[in-house]
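As the structure lists them, so they are numbered: ligands from 1, and atoms in each ligand from 1. Note that the structure is a prediction, hence the values are computed from the model and not measured.
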Amino acid sequence: MADPILHIADLDVRHGRTQALSEVSIDVYEGEAVGLLGTNGAGKTTLLNTISGFLRPAAGSLALGGEPIHQCPPHVIVRRGVLQLSQERDLFGDLTVLDNLRLGSLARAPKTFERNVEKVFHYFPRLKERAGQRAATMSGGEQQMLAIGRALMAEPKVMLFDEPSAGLSPLFVQEIGAMMRNLRNEGEVSILLVEQNMLLAAQVVDRFYMLRAGRVVAEGSVSELEKDHEELARQYYL
Ligand SMILES: Nc1ncnc2c1ncn2[C@@H]1O[C@H](COP(=O)(O)OP(=O)(O)OP(=O)(O)O)[C@@H](O)[C@H]1O
Ligand SMILES: [Mg+2]
């Protein structure tokens, strides 16, 4: 098999004296969607924040396309094509939808703004209808769509989604799930998806890793998630 686009090996991460991740090894291959599951406090966000350069690992390695990135600051990691959707959507609230999208394109893809904005509007027609609206006045689900759209404007190689369905109504969960499936099917972006909603995760990912107390305690293919998600939930969440 080809080398992974994202290679994480034996990663240890601490928050002060708390060891949040221990010996975590995860690979994501090109065009693949990988799930990261685990209960509250398992270390999922810590892992995404470490990949994005907001946290420095105490040990272990992180490589993007074969190049080490664990010493890089966050803006460099964005420029290399890793875009994180945080649990907080951190949009520019005073700016319009369109201006938020414009800012998303600046770091990596300013020249292809027009093409990419059409793509984002195709995924989320609701954003097109609201292109001139201030981001702060959008609903939670609309803001989530805008945050995803803004990341797409950078033509990401790897997208890190941190519980994109949290707090959304079933309709929005469905729309965001469909959009992530499309992204995976187009195969241009690799996805690492943190999700508590196992049904949604099973619809999007090819493989998954399960974190518990900062360690990878299970990994497998999506068919296990589809068949046994109740059993898995009992085993690892309870
Ligand atoms: N800045 C911090 N300082 C100290 N401890 C932290 C910090 N951030 C996270 N932690 C701790 O690290 C552990 C992992 O937290 P993390 O946010 O990665 O979990 P998570 O799997 O994303 O949980 P959730 O599903 O609730 O979002 C938790 O015990 C948490 O309290
Ligand atoms: Mg989290």
Please identify which atoms of ligand 1 are closer than 4.0 Å to at least one heavy atom of [X].
X    : answer
T46  : 14 (C), 15 (O), 16 (P), 18 (O)
T45  : 17 (O), 18 (O), 20 (P), 22 (O), 27 (O)
Q196 : 25 (O)
T39  : 21 (O)

| task | Classify the side-chain pair E32/S190 by whether it contains a donor and acceptor separated by less than 3.5 Å. | result |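 Side chains of E32 and S190: no pair found under 3.5 Å.
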| field | Between D12 and S22, a side-chain donor and acceptor under 3.5 Å | value |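 Their side chains do not contain a donor-acceptor pair, so the 3.5 Å distance test is not met.
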| Options G41, G16, G38, ranked by nearest heavy atom to atom 14 (C) of ligand 1, top entry | G41
| note | Check: of H15, R14, R212, E163, min heavy-atom distance to atom 3 (N) of ligand 1 comes from H15
| message | Tell me whether ligand 1 is touched by G43 - counting only heavy atoms on the residue side and a distance under 4.0 Å. | response |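 In this structure, G43 qualifies as a contact of ligand 1 - some heavy atom is under 4.0 Å.
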| For the Mg ion (ligand 2), does an N/O/S atom of N40 lie at less than 2.8 Å? | no
| task | Compare all side-chain heavy atoms of E195 with those of F208 and state whether any distance is below 4.5 angstrom. | result |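 The answer is no; the side chains never approach within 4.5 Å.
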| query | R181: what forms a side chain to side chain donor-acceptor pair (under 3.5 Å) with it, not counting sequence neighbours? | reply |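 Applying side chain to side chain donor-acceptor pair (under 3.5 Å) to R181 gives Q203.
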| message | Show me the pairs that pass salt bridge (Lys or Arg N to Asp or Glu O under 4.0 Å) and involve residues 101-117, at least two apart or across chains. | response | D99-R102, R115-E155
| task | Decide side chain to side chain contact (heavy atoms under 4.5 Å, CB included) for L47 and N49; before the verdict, give the C-alpha distance in whole Å, the side-chain angles of both, and the deciding distance to 0.1 Å. | result | CA-CA 5 Å; L47 179 61; N49 283 336; over 6 Å; no
